[in-house]
Amino acid sequence: MTSAPLSGALPASHPPLPRVLVLWCPDWPVVAARQHEKLSADAPLVLTEKGLVFAASASARAEGISRGLRLREAQSRFPGLIDRAYDPALDNRAFEPVIAGIEELIPGVQLLRPGMCAVRVRGAAQYYGGEKAAALTVIDRVNEIAASDARVGVADALFTAVHAARSTVRADPRSRAGHARLVPVRESAEFLAPLSIALLEEPQIVTLLIKLGISTLGDFAQLGHTDVRTRFGELGARLHSLASGRDPQAFIARTPPLDLDVVIDFEPALDRVDQVAFSIRSRADDFIEALVRTQLVTTAIRIELDSESGEIAERVWLHPRSFTASDVVDRVRWQVQGSGLIEAGLSSGISRVRIVPETVDAIGNHETGLWGSGLEPRIHHGLSRVQSMLGHGAVLMPNVQGGRTLQSRQQLTAWGDRSVDERSVQRPWPGSLPAPLPGTVFSSRHAVHVFAHDGNLVSVDDRGHVAAAPARFATSDSRSRTLTAWAGPWPLTERWWDAESSGRSWRFQAVDDTGCAWLLVLDDGGWWAEARYD
């Protein structure tokens, strides 16, 4: 391959490059979770995803905890560890005030990911007296909003500016100016040259380049662009441009979203449910009307309650269709339902209610059909009316989820809510009952006694051997049923690794003299009738 100049710089006659400022908030998932949980800055916090550490605070990393570590291993290294499930929605929600704060200083923000964004810096540099002054102004503003250790990089291209911001970690942490790194104009290639080729984040191409002896971005930039395109295709050509300090990615500034949130302050604080519901009724109408004016409806809202003592309780409410003003009032009322606001998790009066449209949809997708929508709207309005009178949990819908026992496969969800903890039916569930399943599953198992022909109770040993054939069973009301056929036993062992919660049971299918089939279960507590085949 032929060689090219290292810098890949544009000729001096080329017009000035559009300089880019990138803001980076290190450990943003941890910062967002810490603020949400109101934890101290030095709290040993880890965020987990699928049983693995997704992010760790600085104090947790000091104990040897890193990303990708199993949670149990992390807890064994530091027993005082605080673990929370990683919530990407929380990341985005917590970063929104940061973006809004930057937009007050410099318009045209491009969101790269939660914790990182970019802006064109030319106008801001002229206004604030230089790129350095603009960078420090952004850092001060972000630290004021998010209380994070913000870093800034400024360069000719987005890729270079991102790694300039990341390189500030190696700067003097005590110096405010050390949190901003400015790459001089047309010196992007020189800045990137000593950095690792792994920063391109394309494992297949990077692995091949390393095998060819190319370990830095500068080595890669030395190759001819045409030769790289011929060998690695368009993806390789784009990576070569990045390594040469030329970022082909277009800068796309976001359009600031409409502020559709509704905030109601109470002075003095209210401690009665009817007072809160009555006070927000008119604002709920304004909330829905504002959505309609923008041709939107909301199918999920987040309600935040602030108490007089500084506590915050929030919950996301879902709707099977779309929210009306009365639906919003009902959700607020249900969230503060109960004496002393116990169900809301608050111990004092409510000083503020904030209603946020969590999920919105085009209003045209929710319009009534030309000839109506049939029975469904009437069912919805009827159940919603009953729910508004009796409470949120008074109307429940059954759902089928994955599980090994019949009870664990049932899930009841309040009308209007979506099942969020549903276990997938498609996953393998070793030991689960095969089809056809019983038609009637008892809400609670019925205690029974199963007897052999000699009148003794039927038992099963550890190897699954039945002591005697089941001949009849008696229910708690002393009613006896003769069994004409039976099959089993099928063993079910759950949580064998946990001595306290492990359990083992044996299941039988039996038919009585009336032709009715039963599912009988034998465990440590005796015999039970769990379901009936109708």
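Remember, it's a predicted structure, so these values are computed and weren't measured experimentally.
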Is the shortest side-chain heavy-atom distance between [X] and [Y] below 4.5 Å?
X	Y	result
His179	Asp149	yes
Glu289	Phe287	no
Ile355	Val328	yes
Ser351	Phe266	no
Val332	Trp334	no
Arg19	Arg122	no
Glu314	Leu305	no
Val138	Leu136	no

Check: Restricting to pairs with a member in residues 70-92, which pass salt bridge (charged side-chain N to carboxylate O under 4.0 Å, His left out), not counting sequence neighbours?
Finding: Glu37-Arg84, Glu73-Arg77
Check: Do we get Arg166 above Trp24's six-membered ring, with its NZ or CZ under 6.0 Å from the centre and within 45° of the axis?
Finding: yes
Margin query: Does the Lys NZ or Arg CZ of Arg67 fall within the cation-pi geometry relative to Phe54 - under 6.0 Å from the ring centre and within 45° of the axis?
Written below: yes
Restricting to non-hydrogen atoms, name the atom on [X] and the atom on [Y] that form the minimum distance, rounded to 0.1 Å.
X	Y	answer
Val31	Ala146	CG1-O, 4.0 Å
Ala74	Ile65	O-CD1, 3.8 Å
Ala180	Lys132	O-NZ, 3.4 Å
Ala55	Pro29	CB-CB, 4.3 Å
Val276	Val353	CG1-CG2, 4.3 Å
Val20	Ala161	O-CB, 3.8 Å

Residues that [X] engages under side-chain contact (heavy atoms from CB on, under 4.5 Å), provided they are two or more places apart:
X	result
Tyr127	none
Arg532	Thr440, Phe442, Cys516, Trp518, Asp534
Arg504	Thr493, Trp506
Ala290	Leu260, Arg293

Distance, nearest 0.5 Å, that separates [atom1] of [X] from [atom2] of [Y]:
X	Y	atom1	atom2	result
Leu199	Glu201	CG	CD	7.5 Å
Arg283	Ile288	CZ	CD1	12.5 Å
Ser188	Leu242	OG	CG	11.0 Å
Leu270	Ile350	CG	CD1	7.5 Å
Ile145	Asp140	CD1	CG	11.0 Å
Thr359	Leu318	OG1	CG	7.5 Å

[X] (side chain) donor-acceptor with [Y] (main chain) under 3.5 angstrom:
X	Y	value
Ser59	Asp42	yes
Ser57	Leu45	yes
Thr298	Leu291	no
Thr160	Asp156	no

Margin query: Please determine whether side-chain contact (heavy atoms from CB on, under 4.5 Å) holds for the pair Arg409 and Leu437, giving the CA-CA distance in whole Å, both sets of side-chain angles, and the decisive distance to 0.1 Å.
Written below: CA-CA 11 Å; Arg409 297 190 63 177; Leu437 296 176; 3.3 Å; yes
Is it true that [X] and [Y] make a salt bridge, defined as a side-chain N closer than 4.0 Å to a carboxylate O?
X	Y	result
Arg34	Asp27	no
Arg61	Glu63	no
Arg93	Glu358	yes

Check: With no hydrogens and no angle check, do the side chains of Arg181 and Thr168 hold a donor and an acceptor under 3.5 Å apart?
Finding: no
Notebook entry, point to check: With a 3.5 Å cut-off and no angle check, do the side chains of Asp327 and Thr324 form a donor-acceptor pair?
Noted result: yes
Which donor-acceptor pairs under 3.5 Å do side chains of residues 100-116 form with protein atoms, sequence neighbours excluded?
residue	atom	partner	partner atom	Å
Glu103	OE1	Arg254	NH2	3.1
Glu103	OE2	Arg254	NE	2.9
Glu103	OE2	Arg254	NH2	3.4
Glu104	OE1	Arg141	NH2	2.8
Gln110	OE1	Ile252	N	3.4

Checklist line | Val292 vs Ile363, side-chain contact (heavy atoms from CB on, under 4.5 Å): CA-CA, chis, key distance, verdict | finding: CA-CA 7 Å; Val292 172; Ile363 195 171; 4.2 Å; yes
Item checked: Stepwise side-chain contact (heavy atoms from CB on, under 4.5 Å) test for Phe323 and Thr299 -> CA-CA 6 Å; Phe323 279 95; Thr299 58; 5.8 Å; no
Notebook entry, point to check: Under the criterion side-chain contact (heavy atoms from CB on, under 4.5 Å), which of Val22, Leu182, Ile139 is the partner of Val152?
Noted result: Ile139
Next item on the list: Determine, stepwise, if the pair Val142 / Leu23 fulfils side-chain contact (heavy atoms from CB on, under 4.5 Å).
Entry: CA-CA 9 Å; Val142 172; Leu23 165 77; 3.6 Å; yes
